[in-house]
Visitor: 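Below is the structure I would like to discuss, written out as structure tokens.
Just so you know, ligand 1 is whichever comes first in the structure, and atom 1 is the first atom listed for that ligand. All values below come from the heavy atoms of this structure, side chains included, with hydrogens, waters and symmetry mates left out.
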Amino acid sequence: MSYCASRYQTIRRHTVEVMVGSVGVGGAHPLRLQSMTTSDTQDIDATVRQSIALAEVGCEIVRVTAPNVAAAKCLKEIREKFTAAGFAHVPLVADIHFLPSAAMEAVEHVEKVRVNPGNYADKKKFAVKEYSDADYDRELERLHESFSPLVKRSKELGRAMRIGTNHGSLSDRIMNRYGDTPLGMVESALEFLRIARIHDYHAIMLSMKASNPKVMIQAYRLLVERMQREDMHYPLHLGVTEAGDGEDGRIKSAIGIGSLLLDGLGDTIRVSLTEDSVYEIPVARAIAEKAMSLWKTPNPKSQTPNSGESDSIDPYHFTRRETTTVQLSEKCVVGPEQPPRVIVLSTLTGLADAAKALTAPKLKDTPAEGLLVPIKSSTDLQTLEAKLKSTPLPVEFLALELDASLTPGQVESAIRNPKSKIALVRRFGPADVNLFEEFAALVRRHGHFLAVEIDAENFGPYEPVLRRLGDAGLIFTLSALRLPAIAAHAIGSCRLLLEHLKAAGSRAPLWIRNTAGTAVRGDNSFLSKLLEASFLSGSLLCDGVGDLVSIETEPDAARAAKLTYNVLQGAGARISKTEFVACPSCGRTLFDLQTTTQRIRAQTGHLKGVKIAIMGCIVNGPGEMADADFGYVGGAPGKINLYVGKNCVQYNIPQAEADARLIALIREHGKWADPEPHQLANA
Ligand code: SF4
């Protein structure tokens with residue numbers, strides 16, 4: 001059974017409607033936008049102020065942490081004051097970890113309670129223990145006893161509940177049986193879901209958050225697949241947790257949330273950023289609007305082909321697609337074991353400017369490897385030849401996007417003696433099969449490459465030809481979605497293309513082109529370009545697909561190169577800098593997360609491949625920072641605990657000393673390098 005109705009179109013998953021106060025989630029309701037206050041919950045006025053600020057920018061459901069009974073009691077007054085301020089229609093959610101007593105208090109006052117099945121009524125000891133079936137059953141009985149009162153009271157009061165699983169925050173029971181895996185996350189939620197169903201309580205939604213978008217995507221898919229099997233249709237709350245701030249935080253969130261939404265999953269979303277929570281809402285709204293625009297345009301051919309079962313990608317486990325090798329230069333190889341290569345677009349007239357921009361020192365660690373130039377005519381080819389004599393290009397290869405009017409004969413003279421390898425980029429229509437053969441022969445004669453674009457509905461006659469010609473020198477790509485097509489978004493088009501390649505026995509690499517034509521609903525804002533690139537490239541890369549990437553919607557060459565590397569980093573496909581996992585902060589936070597994250601990034605942002613977690617509290621921090629190499633975690637007010645992996649190695653350090661101690665720790669573990677001058681400029 002698949003996790004979605006179509007991997008080629010956005011057919012919204014059918015779910016039951018869950019009412020959170022007066023706000024409907026799932027069913028026929030639009031995607032709901034959520035966020036969370038970061039104030040101390042016991043500071044009632046501050047929490048009400050933050051709730052109002054969130055509601056005023058469009059947050060439809062506001063979450064507030066309830067770390068203990070005293071904080072949970074404050075929710076009563078917070079709810080009353082929020083209502084008195086004119087926001088009776090905006091529901092509040094109590095965020096509970098560990099304490100059933102806090103949950104039982106909170107459920108009296110607010111419309112929804114979120115429980116973390118990894119720690120509800122469970123003290124995490126990270127104990128390694130073999131659980132026999134009898135031990136396991138005893139644990140489940142204990143869980144039933146602890147969780148049932150909350151379920152029953154929620155049912156009596158008409159409250160909703162989120163079973164919110166987090167990667168890295170699973171119970172010892174689950175960890176020992178399933179590991180810290182998507183399967184473990186799903187099983188953890190199902191344990192709680194089954195108890196709720198025993199009590200015939202169904203006002204439930206679920207989440208499977210992780211800081212790693214790949215893990216998060218797989219966990220949600222697996223959860224839905226499991227629920228479908230058991231005929232359960234509860235709504236999903238989507239989010240990437242500890243995504244960080246700025247461009248990186250937005251990219252990670254868009255990769256995880258966008259990938260799932262475009263497969264039709266998700267009913268409410270939160271974009272977690274280590275910034276003031278009000279900044280989360282415009283990002284969440286932009287993501288939601290893009291996804292919902294696809295709900296409105298169902299394609300009548302939607303059922304062919306239909307599900308994830310029919311394509312060649314395993315949606316539940318990451319495996320990189322096996323491709324042939326393409327040697328674009330001595331240093332730039334495309335294929336297995338190679339990172340996805342970065343291509344930047346330049347106009348012919350802007351070639352000198354692009355070349356200059358790409359030599360900027362700040363791009364030393366994130367170089368563009370290919371330059372894509374549109375060529376409209378023979379005159380353009382001559383102009384290019386002349387420009388190349390005077391303009392050395394700081395890239396490994398050139399990609400020339402040929403107008404359909406250009407013949408192989410016209411192109412041949414221009415590619416006879418170039419300084420670098422060339423990839424000719426050309427779209428072939430239904431009647432161009434012979435032309436495709438001619439171009440393939442041309443590039444092979446001169447040791448160049450052909451990036452081929454063929455629409456899915458035209459692929460049939462090309463399959464036998466491709467089978468006969470083999471993959472040498474060929475790359476496949478798509479620059480636009482041309483409707484009507486079986487696929488209704490570019491991710492679906494690329495998946496269909498892969499199916500056709502597989503049918504033709506081809507393992508040619510895939511170049512992911514982010515263009516105005518592949519966007520779901522693009523506009524000219526940088527945020528839109530970032531989100532669209534994260535949806536398309538991130539989603540494919542998280543499925544192990546994509547060997548070259550270009551973001552052609554961004555005209556500034558240097559900015560496009562940086563953005564492409566950031567998307568690659570967000571998808572875990574190519575690491576070019578330090579990876580930061582930073583929690584968004586909440587009422588438990590013990591230091592200023594925003595300034596601390598910025599300060600630590602300024603000092604350590606150049607450590608390529610090192611993962612540093614910055615977490616606001618010890619309660620969840622160590623678990624939720626998942627697979628970070630080093631952790632900087634709030635231990636007590638003004639005190640920091642430092643971690644190496646999951647082990648706390650320094651307790652309660654005065655915060656003023658913590659940065660230096662963290663750097664010393666990184667040095668001790670052989671992961672420190674002094675920043676080069678261009679890296680200091682980047683910081
Ligand atoms: S890790 Fe951060 S967001 Fe999570 S509970 Fe602690 S302070 Fe709140």
Visitor: Could you tell me which atoms of ligand 1, counted from 1 in the order shown, lie closer than 4.0 angstrom to a heavy atom of Arg588?
Guide: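 This gives 5 (S) as the contact atoms.
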Visitor: Quick check on atom 6 (Fe) of ligand 1: does Cys617 put an N/O/S atom closer than 2.8 Å to it?
Guide: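 For Cys617, the answer is yes, given that an N, O or S atom comes within less than 2.8 Å of atom 6 (Fe) of ligand 1.
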Visitor: Tell me, with the steps shown, if Arg285 and Leu33 meet side chain to side chain contact (heavy atoms under 4.5 Å, CB included).
Guide: CA-CA 7 Å; Arg285 185 182 297 115; Leu33 312 184; 3.8 Å; yes
Visitor: According to the interplanar angle, ranging from 0 to 90°, do the rings of His202 and Tyr234 count as parallel (below 30°), tilted (30 to 60°) or perpendicular (above 60°)?
Guide: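 Ring orientation, 0 to 90° scale: parallel.
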Visitor: Kindly identify the option in Gly587, Cys583, Gly634, Gly616 whose heavy atom sits closest to atom 2 (Fe) of ligand 1.
Guide: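 Ranked by closest heavy atom to atom 2 (Fe) of ligand 1, first place is Cys583.
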Visitor: Would you find more than 12 non-hydrogen atoms of other residues, nucleotides or ligands less than 6.0 Å from Tyr279 atom OH?
Guide: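 Open.
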Visitor: Could you tell me whether the side chains of Glu280 and Ser35 share a donor-acceptor contact shorter than 3.5 Å?
Guide: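 Judged by distance alone, the side chains do pair up.
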Visitor: Out of all atoms in ligand 1, which are within 4.0 Å of some heavy atom of Thr589? Include the element for each.
Guide: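 The list of qualifying atoms is 7 (S).
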Visitor: Output the list of atoms in ligand 1 that are nearer than 4.0 Å to some heavy atom of Cys586, sorted by atom number.
Guide: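 Close to Cys586: 3 (S), 5 (S), 7 (S), 8 (Fe).
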Visitor: Any carboxylate oxygen within less than 4.0 angstrom of a Lys/Arg side-chain nitrogen, looking at Glu111 and Arg159?
Guide: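 Salt bridge: no.
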